[in-house]
Each structure stands twice: as structure tokens, then as C-alpha cells.
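I have placed the structure first, in the form of C-alpha cells, so that the comments after it can refer back to it.
Reminder, nothing fancy here: chain letters follow the sequence lines and each chain counts from 1.
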There are 2 protein chains.
Amino acid sequence: MDPQARQPAAAATLRDVARLAGVSVSTASKALNERPHVRASTREAVRAAADQLSFSPNSLAQGLSAQRTGTVGLLTSDLEGRFSIPVLMGAEDAFGSDRVAVLLCDARGDAIREQHHLRALLARRVDGLIVVGARPDVRPSIGRVPVPVVYAYAPSDDPGDLSLVSDNERAGAMAVEHLLASGRRRIGHVTGDPTYGAARDRAAGALAALERAGLELAGGEPFYGAWSEEWGRSAQRALLRAVPEVDAVFAGSDQVARGVLDALREAGRRVPEDVAVVGFDNWEAIATGSRPSLTTVDLQLQHLGRVAAQRLSAAMSGDARQGVERLPCRLVVRASSAPRD
Amino acid sequence: MDPQARQPAAAATLRDVARLAGVSVSTASKALNERPHVRASTREAVRAAADQLSFSPNSLAQGLSAQRTGTVGLLTSDLEGRFSIPVLMGAEDAFGSDRVAVLLCDARGDAIREQHHLRALLARRVDGLIVVGARPDVRPSIGRVPVPVVYAYAPSDDPGDLSLVSDNERAGAMAVEHLLASGRRRIGHVTGDPTYGAARDRAAGALAALERAGLELAGGEPFYGAWSEEWGRSAQRALLRAVPEVDAVFAGSDQVARGVLDALREAGRRVPEDVAVVGFDNWEAIATGSRPSLTTVDLQLQHLGRVAAQRLSAAMSGDARQGVERLPCRLVVRASSAPRD
DNA sequence: TTGTACGCGTTATCAC
DNA sequence: GTGATAACGCGTACAA
């Protein structure tokens, strides 16, 4: 196995193609780029030569002369988390992978590292930037940079920036309205860390929906705690003690919901017959593995990524927006919230 | 909010810096690049000018003349999955984010799209390529490309390629040896899809370890099925029927292990007192949310990513390897496998 | 020590 | 219709 054979010669350049086709470099360029004023036979000859050499234009050179790289940076702080990935995928397919490539940088929650990555991305002359925060709360703007920026998931603290976020308040209302529609009236809310704006927004939406129905939250207040199953279990036990007749629980995350389900089963309550449960996140592995499978709210992050890419494209074309844009969530109905007979 | 103000003028070039410092472009270049034969005062003047203009060299131009882009491509098929992300993170910090940036492409399991992305990455003249498969099985080589390639997670079918994979067989043995050390003797194996090479490798390692101890697998055969909690529950019920005296279960994934735990609890068995359980994957949310928390095998994918980056760097320096390199896994001991008194 | 000239690969302008 | 020329921004021989 000759190492030389495994690494073929350097890629062909336009000059090689031109030489082989017996034309000048500029003619070859026009021929391959569908430019007018090229004889058909010449065009064919150039194409043939390009094919033969498996020519593929050097995007560095293209970018250098065109002043655009066809590259966008994605600056995240939540790579191991599951939120930036769908955003990334949405962005990827909205841009079209043939036109734009994504340079990924993970700051891992470190502001210094973020600055560092930011510089690196700008040095690479990305055409635009998507900033995905680690948690759905207001985060510091990266400041003024020479390219358009869109914030996704976590909004920027600078109202002059454009931020795209999930509409958590509306989502909380949706969850409760669904429970009401399935015939529930004593609805509790067990959720996670109250320092998360998303937790408070979801709770606010839920409370508003209850109020519109002339109802109060079972237990009086939301049960704030941690984003864990363990918290879900203990909070649900407390909720059952406080309001034994509770007939539905809206959980702030799917993990919390799993804990809620466990506690209900241990207390001898049937789901969904006695108590309905709605989760949040539509985390596939969690929501479909549970018994029963979990009705939950999908943040539609991939859609959020697509919109981010569209807004970024628009901004790169000079059509920039500002402010915070809230995107809708979607309720995914499974077994845990079947209507009451 | 003047849009002009939000998008400052185009980035400064070396020419701007040189002009401001009152020197030639080449002198400015030498000054900034720590080259010799530059008077200290000149160097300082250039640096000051660069600072003032927030100069940052255009990597496109650098790459064009240096024939290297400082960019590697990561071609994955498993973005939404949780396997390529740790690999990516490991690669990122092994390269050093200041030296190399990662271009991410997700083929989403489509061979056509993979070819497409491959071309795009090569057009961008990446210095190297990491290919992360969708599942831990042999996959088609991407063939001969003009840059070094390392396969991670899923090995290439071409022995001339370099592949880095987890040592699943050794990991299966580790799991069983741990159970034996904790005083268990009737050990069953509930695992997932038998078309996964990793499932068979883990089972083989487990069987070999049992044989070395002069024992047989409880139930005779591994319980193959699906990578789901549901399968874990039903398989464990079957295992209990077949071998009521089973005192340990090695599960092929953490999800399967969760199902096993559920079935055991329903059957009135205490974990770890009556039956010990070991999972696989160290999927944080699954393994620490369970009751009790799950002893499990960590694939150390981030380490795998780091090694991939090292091998790629070596190959870019002309020092290429071939074949399949198996990297060790690590047992993470939690509550579900506490030793027997 | 500093500056001039050229090359990296491509595209666009303008002669021919 | 075609081809020479300049330009994109940087690094680096080589000349001064």
C-alpha cells in the first residue's frame, strides 16, 4: 500500500484545465461558470477537461476575490446539550449545504473562550454568525462585529441585535389548554430551576391559561426545583400530599415528567386515567421510553435554526432586523394525557 | 440605531496597517509574524497600527499562499445522535481552537448527501477529514481523497484507511468482571439490535469473561432485541421467568438497563441487593436519573475524538497509519452494582 | 533593516 | 468569442 497512492497529487487548478482544453484561464473560467460569450464547442471542451482532471474550484481563491466565503460561523455554548444541535441542523438545510458550510465552535460556557472563537471565526471571514446560548435566558451581546449576527435559543441583551427564541409562555398555555380540553380541572405544575427564564415563562403561560378558564393552580404555586427526575419525584409526592385530588400535572421538562410519572405510579395513581401528565422538550429517548409515553411540548428547534438561517441570509443581503422574535412550539400528544371518558 | 453603525467598515488589511505605520506591506508582515531582521521600534509601530485598526489577518489569503487552510472537515451521519458530538468536542480541543477550525457536515444517513458534502469539503480545501459513522459498524470507505482521513466510531471497510473505534469486546468483559468482583454468579445479558456489531462484540466479551470464570450466561443466550426501554422491560421479565435466581444483569445500553430496572422493581427484586445491573453508554440523563443510579460503561468518545485529531495531525505531517485502532472504555461505578455483603 | 516583486487560484474588466 | 491584465490579501525570496 504505497502512501503516495493514497494521497493523490494536489488538486487540479483552473490553469491545468485551461491548458488541457487549449484555452486561456479566463475563457475556462467563463466556460465553467455559465458566462455568456463562449462558443458552445469551447464550453464543451473546457467541461471535458475539467471532468477529466476532477477539477473543483478552490473556494479560498473564490472567496478571496468575491469577498465572501460561503461560510457561516455557529458559536455555541451548549454542544453537549441537546439544544444547539437541532438549531445547527435546521440552519444547515436552510442555507443549502451546497452554498454554505458551517464552522462550528463551542465556547463551553467560557466567556474568554467565546471571545477567542469569535476572533477565529472573523479571521476566517465568515459571512455571518449564529450565536446559540447555553440556556434560554438573556445573554450578553457579542458586540459589534463586521458581519451580520443572529442569536438563537438565548436572546441577546442588546435590543439592536436580532434574537430568535421559543415562545415558552405560549407553550405553557398550550400545555394547560390541552389538559383542560381533556377534561382536567385540578392541574398542578412541577418544573425546574426558577433562575431559568424559560421556567418562569412556561409557568406564567400556564397560570394565564388557568385564569382564563376561571381556575387556580393545584397547590397554589408552581413547584420550582431542579431539571431532574429526582426533583420530579419528590415534588410530585409533595403535590399529592397537598392536593390529593389533583387530576393533571404540567411538568417543566420531560425529565421532571418522568419523575412525576414514577411518583404517581408509586402512589397508585393511574396515568392517564386518574392523572394526566404533559412534559416539555419532546426529548425522544425520555418521552417515548416512559410508561405511558409522554405528551410533551416540542420546541421545534430545527425550525428555529431554519429561520435563523433565513434571517441571516436576509441580513447578508442588507435586510437586517432587530429585536426578539418568538417562534411557536408544538404540542406532541401521546398516551399520558388521553382525554377523560 | 443606524444600520451602518452596526456593521463597521470592511476589516482592515495588512496594507492599511502598513500605510498607517509608514512601512511597506512586507515589513508589516514580518513585524507581526515575529520574523527576524526587523528593528524593534518598527515592530512596535506596526503592532500599534495593527491594534488601532483591530487588524486580523485574512485566513483565506493566508491559506491560499500557504496551501493549508487550518480547517478540517467533520463528516458525520449521526448529528442528532449523541455519539458524534463528543468526538467533535475531543477533536476540537486536541487541535486547539486557535490553530484549526472544524467544518461540520451531517449526511443524515444518506450516501448521496455524503458524497455531496465530501465534495464541498474538498472544494474548501480542508487539511484533513474525520468521518464519524452513524453506528458502530463497518462502513464504506469514502475512497481516495487528496487529504488525510481518519474514521472514528465506525471503522472503514478499507484496511488501508485508519479507523478508531471503541473496544466493545473488552468493555463487555469489563462489565462482567465487575459483576463477578461484586460477588455475582448468575449473570444475564439483555441487549439490543443484534445487527449492531457493537452488540455482538459486547456480548462476546461478556461471554468470554464468564467462561474464564468457569460460569455460563444466565438464560443460556444473550437476549437480543431493540435499543429501547420497552425491550429492556419485556426481556427482563422473560429472563426472570427463565432464571428466577438471576443475581446480575449486564444491559447492552443504558436505555435497555432502565427497562431492566423497571421490570426488576415490578417483580419485587431490590437493586442492587438482590440483583445488580450494569448499563452501557454512560448517557448522563438516563444513567443518573434512574433509581438506583446506574453503573455503566463509558465509551470515552471525547478521548476518541482527541486521538482522531492527533492521528490526523500526524497524517498531515506525513506520518500516516492504517488499520483499526481499538480504544479502551471505562467503567463508571454507581449504585446499581454495589457489592454483595 | 527595509522595500520590491512574485505567487497562491479565481473572477471581472477590457482590449482584441 | 477569446485572452491578457489586474485585483483579492498575504507571505516570502531577493534586491537594495
To the nearest Å, how far apart are [X] [atom1] and [N] [atom2]?
{"X": "R19(B)", "N": "dC10(D)", "atom1": "CZ", "atom2": "C1'", "result": "15 Å"}
{"X": "R68(B)", "N": "dC10(D)", "atom1": "CZ", "atom2": "C1'", "result": "13 Å"}
{"X": "H37(B)", "N": "dG3(C)", "atom1": "NE2", "atom2": "P", "result": "15 Å"}
{"X": "E34(A)", "N": "dG1(D)", "atom1": "CD", "atom2": "P", "result": "16 Å"}

Please confirm whether the shortest side-chain N or O distance from S24(B) to OP1 or OP2 of dG3(C) is below 4.0 Å.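 S24(B) to dG3(C) OP1/OP2: side-chain N or O found under 4.0 Å.
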Any side-chain N or O of T27(B) below 4.0 angstrom from OP1/OP2 of dT1(C)?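 No.
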Which of these passes side-chain contact (heavy atoms from CB on, under 4.5 Å) with V46(B): V38(B), V17(B), L14(B), L20(B)?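 Result for side-chain contact (heavy atoms from CB on, under 4.5 Å) with V46(B): V17(B).
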Please determine if D110(B) and R108(B) form a salt bridge, counting it only when a charged side-chain N lies under 4.0 Å from a carboxylate O.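 Judged by the 4.0 Å cut-off on N to carboxylate O distance, D110(B) and R108(B) do not form a salt bridge.
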First locate atom CZ of R119(A), then atom CG of D98(B), and finally report the distance between them rounded to the nearest 0.5 Å.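 Rounded to the nearest 0.5 Å, the CZ-CG separation comes to 13.0 Å.
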How long is the gap from CG on L129(B) to CG on L75(B), to the nearest 0.5 Å?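 These two atoms lie 6.0 Å from each other.
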Using the rule given for side chain to side chain contact (heavy atoms under 4.5 Å, CB included), can you reason through L312(B) versus F95(B), listing the C-alpha separation, both sets of side-chain angles and the distance that settles it, and then say yes or no? CA-CA 9 Å; L312(B) 200 53; F95(B) 281 126; 3.8 Å; yes
Angle by which the axis turns from one end of the helix from dT1(C)-dA16(D) to dC16(C)-dG1(D) to the other, five pairs per end, to 10 degrees: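 Computed from the C1' atoms at both ends, the axes differ by 50°.
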Show me the pairs that pass salt bridge (Lys or Arg N to Asp or Glu O under 4.0 Å) and involve residues 125-134 of chain A, at least two apart or across chains.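 Applying salt bridge (Lys or Arg N to Asp or Glu O under 4.0 Å) to every pair that reaches into residues 125-134 of chain A, excluding sequence neighbours, yields R68(A)-D127(A).
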Smallest separation among heavy atoms of D78(B) and S84(B), with atom names: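 Heavy atoms only, the tightest pair is O-OG, 2.6 Å.
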Answer yes or no: is there a side-chain heavy-atom contact under 4.5 Å between V165(A) and P136(A)?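 SC-SC contact between V165(A) and P136(A) ruled out.
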For every nucleotide of nucleotides 9-16 of chain C, 5' to 3': is a protein heavy atom under 4.0 Å from its base (B), only from its sugar-phosphate (S), or from neither (-)? BBBB----
